[in-house]
2 protein chains.
Amino acid sequence: MRDEDKQIIRRLGLFQDMDAARFDGLLNAAFLQRFPERVVLINEGEPSDFLHIVIDGMVELYATLDGRESTMTVLSPVSTFILAAVLKDAVYLMSARTRTAARVLMIPAKSVRDAMAEDDAFARSIVDELANCYRGVVRNQKNLKLRTSVERLASYLAHQYVRQGATGELTLQIDKKTLASMLGMTPENLSRSFSTLRRAGVEVNGPEITVRSLDELREIAHHAPLIDNFPNTVEHQQ
Amino acid sequence: MRDEDKQIIRRLGLFQDMDAARFDGLLNAAFLQRFPERVVLINEGEPSDFLHIVIDGMVELYATLDGRESTMTVLSPVSTFILAAVLKDAVYLMSARTRTAARVLMIPAKSVRDAMAEDDAFARSIVDELANCYRGVVRNQKNLKLRTSVERLASYLAHQYVRQGATGELTLQIDKKTLASMLGMTPENLSRSFSTLRRAGVEVNGPEITVRSLDELREIAHHAPLIDNFPNTVEHQQ
DNA sequence: TCAATGTCTTGACATTTATCAAGGCGCACA
DNA sequence: TGTGCGCCTTGATAAATGTCAAGACATTGA
């Protein structure tokens, strides 16, 4: 494992207060895997063997019920996922697969639990991380229950607009089918939602989106800090 | 505060490993409030002043966006809520109000944070509690995204069926308007979903429900342990 | 006792969302 | 250079869900 990657991980809120020797020990037990796109990393229902950290590439968390499937979120670097399952030594509630070629750090679950048991500072960092994740899911659920699908799309675009530098142009990081599922609608519906937003100054060219006015988008979305503001760089996580 | 109530709280997973003296200190700083029904305890957006614990009665957590409102969950004793906001010293993401007359223990947020900073066992109990809550919300989100409204109702009834002793009879603990909102539908829709379930042996008499067969309900709901099983007695919490 | 109120249900209808089918487009690959 | 394939869009239609209005019923309080 490259020292550069080690530094990236060390800088994560989860690890930065950890005892140095223990951090090294944890990473020694871990391994950095390279995966091609569309590889399933985790199946829901399986026991949690590893804490995963996306170092590079994009990873989708999704869930299934009978034949159905729904994208819960898409993670970009650097994000941990399935922390809660690892801590509880429980089965995964979501599945995960790569969307692009990706590098994923996998830390044995037992090592994480042991580190938490021994390192008080690490235990407190975990509290902070979990609290963040928890609040992320709550925001997500509010988004789902309080907004229509067009509003969710507008809110998503407004979020990406800011995240990608507020230039008025943004690129969808994920394909539209996955985006649709993440926003809780069908691909056909997403297409139609985009057309609805055209009259609000949203132009679509494949994955390239032009936005006339952030405020207009936010008005449509009924922008609300208690749903849309992401306090840290932390994205949605399991 | 009655010693009996103290014992109840002490037995919660969150507090049972805590240093005894610190537990007493925490409770001394706290106060047990009695509220009539329909009293707003918390408004979303306000800074988190207290960790709340429902000792008696029912408390609804809900969220709003512009004029809209949605019930996130309804808590019964003994449940903590808004733990994450307290730990992060952040604003509440949800509002709370009593549904019945209720007794609520309120522990000053700063006391909780101080206790976590000083008591390592308490910090680890918090990790466990947050991980539980987190997984609860994830299950909830899967429920919302993967099931139709009739299926969500069937799943709710199946859950209550078991929870209330699997006698074939159960009583709705909350009014139907709130239940509808919690399940993500309108009251009218809930009524119609109940009629749909009639052909599956569900009889409704006001809040009294008779269920012919749990399996039948579960089949309709597409029962799945990874959504519906509640590992501990812990109910949904913030 | 009766009016007033709130809850729940039902019907008619509108809107939203999903499904099915077809076709355009770009891209990989033979 | 096709040719197939996957992705996306569009149209037609169906299903699910929401809205509005009315009425039944129980509860409360004057």
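Values reported hereafter were calculated over all heavy atoms of this structure, with side chains retained and with hydrogens, waters and symmetry mates removed. Proteins come first, then strands; the chains are lettered A, B, ... in the order of their sequence lines, and each starts at number 1.
- Considering only the side chain of A:Thr186, C:dT19 comes nearest among D:dT19, D:dT17, C:dT19.
- The distance between atom CZ of A:Phe194 and atom P of C:dT17, rounded to the nearest whole Å, is 15 Å.
- Cation-pi check for A:Lys88 over B:Tyr134 is not met; the charged atom does not lie both under 6.0 angstrom from the ring centroid and within 45 degrees of its normal.
- Minimum atom distance to the side chain of A:Met185 is reached by C:dA18, of the listed D:dG18, C:dA18, D:dT9.
- The distance from atom CG of B:Asp175 to atom P of C:dT7 is 7 Å, rounded to the nearest whole Å.
- Here the side chain of A:Val204 is nearest to one of D:dT9, C:dA18, C:dT10, namely D:dT9.
- For B:Thr148, no side-chain nitrogen or oxygen approaches OP1 or OP2 of D:dA16 to under 4.0 Å.
- In terms of position along DNA chain D, the nucleotide closest to A:Lys176 lies nearer the 5' end than the nucleotide closest to the other residue of the pair B:Ser149 and A:Lys176.
- Distances shown here put every side-chain N or O of A:Lys177 at or beyond 4.0 Å from the OP1 or OP2 atom of D:dG6.
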Evaluate side-chain hydrogen bond (donor to acceptor under 3.5 Å, both in side chains) for A:Thr80 paired with A:Glu129, printing each intermediate quantity in order.
-> CA-CA 9 Å; A:Thr80 64; A:Glu129 175 87 357; 2.9 Å; yes
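- At a cut-off of 3.5 angstrom, counting only N and O atoms as typed in the model, there is no donor on one side facing an acceptor on the other between the side-chain of A:Glu188 and the base of D:dC8.
- One atom, CZ of A:Arg192, and another, C1' of D:dA14, lie 12 Å apart when rounded to the nearest Å.
- A salt bridge does not link B:Glu4 with B:Arg103: every distance from a Lys NZ or Arg NE/NH1/NH2 to an Asp or Glu carboxylate oxygen is 4.0 Å or more.
- Relative to the side chain of B:Arg38, the nucleotides C:dT7, C:dT17, C:dT19 differ in distance, and C:dT7 lies closest.
- For C:dT10, neither phosphate oxygen OP1 nor OP2 lies less than 4.0 angstrom from any side-chain nitrogen or oxygen of B:Ser191.
- Aromatic ring orientation, A:Tyr92 versus A:His52: perpendicular (interplanar angle above 60°, classes split at 30° and 60°).
- Counting to the nearest Å, the C1' atom of D:dT9 and the CG atom of A:Leu179 are 15 Å from each other.
- Nucleotide D:dT10 holds its P atom 11 Å from the CG atom of A:Leu190, rounded to whole Å.
- In this structure, B:Asn205 places its CG atom 11 Å from P of D:dA26, rounding to the nearest Å.
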